[in-house]
Amino acid sequence: MQSSSEVSMPTGKVRFYDEEKGFGFISSDDGQDVFLHATALPQGTTSVKPGTRLEFGVADGKRGLQALSVRVLDAPVSLAKRARKPADDMAIILEDLVKLLDGIGGDLRRGRYPSSSHSRKIAAVLRKVADDLDA
């Protein structure tokens, strides 16, 4: 007979999680899909990324297995984070970006929007820098 300290909790990886809707699914190590609701996440955690390893209790819910009392074991290191630019390089990029935006701001104060092609390029640069920072 196992004591309560020897009972192992099920583990698995997040397969999908929608932060906006507040739920997702875990693929348990034994191959079952387990519903994951935001209320089961550890306090202060609002989202989990796919591939994050979790330990969790399980209950039989209305539509199948549901995770309870989730504990994050380890989060995946994204490929983007591994390929991140050094902080010194990002500082230079951000300084250049500020100069670029200052120039656009001056034109806008004088009532001139950038051309469509220039606007698309600026938007692409902003998205790329945002992605690099968010990695």
- So CG of Leu54 and CG of Leu73: to nearest 0.5 Å the spacing works out to 6.5 Å

- Message: Testing the basics here: between Leu41 and Ser47, what is the closest heavy-atom pair and its distance to 0.1 Å?
- Response: CD1-N, 4.1 Å

- Message: To the closest 0.5 Å, what do you measure between CD (Glu55) and CG (Asp74)?
- Response: 11.5 Å

- Note on the structure: d(Glu19 CD, Lys49 NZ) to nearest 0.5 Å is 8.0 Å

- Message: side-chain contact (heavy atoms from CB on, under 4.5 Å) for Leu133 and Leu94? Distances and angles first, verdict last.
- Response: CA-CA 10 Å; Leu133 287 172; Leu94 287 175; 4.3 Å; yes

- At what distance, to the nearest 0.5 angstrom, does CE of Met90 lie from CG of Leu97? 9.0 Å

- Query: With the threshold set at 4.0 Å, does a side-chain nitrogen-carboxylate oxygen contact exist between Arg110 and Asp107?
  - Reply: yes

- Heavy atoms only: give me the nearest Pro114-Ile104 pair and the separation to one decimal. CG-CG2, 4.2 Å

- Query: Is any side-chain N of the basic residue among Arg63 and Asp33 closer than 4.0 Å to the acidic one's carboxylate O?
  - Reply: no

- Item | Smallest separation among heavy atoms of Leu68 and Ala40, with atom names | CA-CB, 4.2 Å

- Is there a path from Val98 to Leu108 through hydrophobic residues (I, L, V, M, F, W, Y) whose side chains come within less than 4.5 Å of each other? no

- Can you get from Leu65 to Val70 by hopping between Ile, Leu, Val, Met, Phe, Trp and Tyr side chains that sit under 4.5 Å apart? yes

- Message: As an exercise, state the distance from CD1 of Ile26 to CZ of Arg15, rounded to the nearest 0.5 Å.
- Response: 10.5 Å

- Message: Looking at every heavy atom in both Glu20 and Asp18, which two are closest together, and how far apart are they?
- Response: N-OD1, 2.9 Å

- Closest heavy-atom pair and its distance - Phe56, Ser28: CZ-CB, 4.1 Å

- Is the Phe16 ring parallel, tilted or perpendicular to the Phe25 ring (thresholds 30°, 60°)? parallel

- Task: Tell me whether Ile92 is reachable from Leu100 by hopping between hydrophobic residues (I, L, V, M, F, W, Y) whose side-chain heavy atoms are closer than 4.5 Å.
- Result: no

- Of the non-hydrogen atoms in Gln66 and Val34, which two are nearest, and what is the gap between them? C-CG1, 3.7 Å

- Linking I/L/V/M/F/W/Y whenever any side-chain heavy atoms sit under 4.5 Å apart, do Phe35 and Val14 land together? no

- Item | Ile122 with Val129, same ILVMFWY side-chain cluster at under 4.5 Å | yes

- Query: Once you round to the nearest 0.5 Å, how far does CZ of Arg71 lie from OG1 of Thr45?
  - Reply: 12.5 Å

